Amino acid sequence: MKTVEFHTCECSGKRGFADVRAAEKALGRAQAKRDRTAERRGQRRAIDRENRIYQCDFGMWHLTKQSRRSFEELGTYRAA
């Protein structure tokens with residue numbers, strides 16, 4: 001199986017991708033893999049699935065399961 005080139009990011013030790021294109025490609029592959037796994041198990045409802053990318057303060061791109069909405073809500077709680 002092909003993988004998208006990544007580096008360990010200094011911000012958190014997570015997989016970091018150098019540019020948006022690589023992150024989007026990795027996101028598509030991760031979603032496809034999760035979907036195939038769920039199909040094999042016969043349960044698609046309860047799978048955790050990466051659904052977006054974001055850029056960290058170190059300039060790397062990461063995958064996350066957290067929705068944009070919950071991320072923004074969390075940010076407003078922290079700012080208050």
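Note that the structure is predicted; figures quoted are calculated from it, not measured. Along the sequence shown, residues are numbered consecutively beginning with 1.
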Would you give the length of the straight line joining atom CD of E10 to atom CE of M60, rounded to the nearest 0.5 angstrom? 9.0 Å
How many angstroms lie between SG in C9 and CH2 in W61, if you round to the nearest 0.5 Å? 12.5 Å
Do R29 and V4 touch side chain to side chain, with heavy atoms closer than 4.5 Å? yes
For Q55, look at atom CD and say whether over 12 heavy atoms of other residues, nucleotides or ligands are found less than 6.0 Å away. yes
In Q31, K33, R34, the residue satisfying side-chain hydrogen bond (donor to acceptor under 3.5 Å, both in side chains) with E50 is R34
Decide whether F58 and F6 are clustered together by the hydrophobic rule: side chain heavy atoms of Ile, Leu, Val, Met, Phe, Trp, Tyr closer than 4.5 Å, transitively. no
Give, for atom CG of N51 and atom CG of L63, the distance between the pair rounded to the nearest 0.5 Å. 10.0 Å
Roughly how far, to the nearest 0.5 Å, is CD of E5 from NZ of K25? 10.5 Å
Give, for atom CG of D35 and atom CZ of R40, the distance between the pair rounded to the nearest 0.5 Å. 11.0 Å
Would R52 and K65 count as a side-chain contact (heavy atoms from CB on, under 4.5 Å) if you check the C-alpha gap in whole Å, the side-chain angles of each, and the deciding distance to 0.1 Å? CA-CA 7 Å; R52 70 179 181 90; K65 297 173 189 170; over 6 Å; no
Atom CG of L27 and atom CZ of R49: how far apart are they, to the nearest 0.5 Å? 8.0 Å
With the side chain counted from C-beta on, respond yes when I53 and H62 share a heavy-atom pair under 4.5 Å apart, and no when they do not. no
Return the minimal non-hydrogen interatomic distance between K14 and Y54, and the atom names on each side. NZ-OH, 3.2 Å
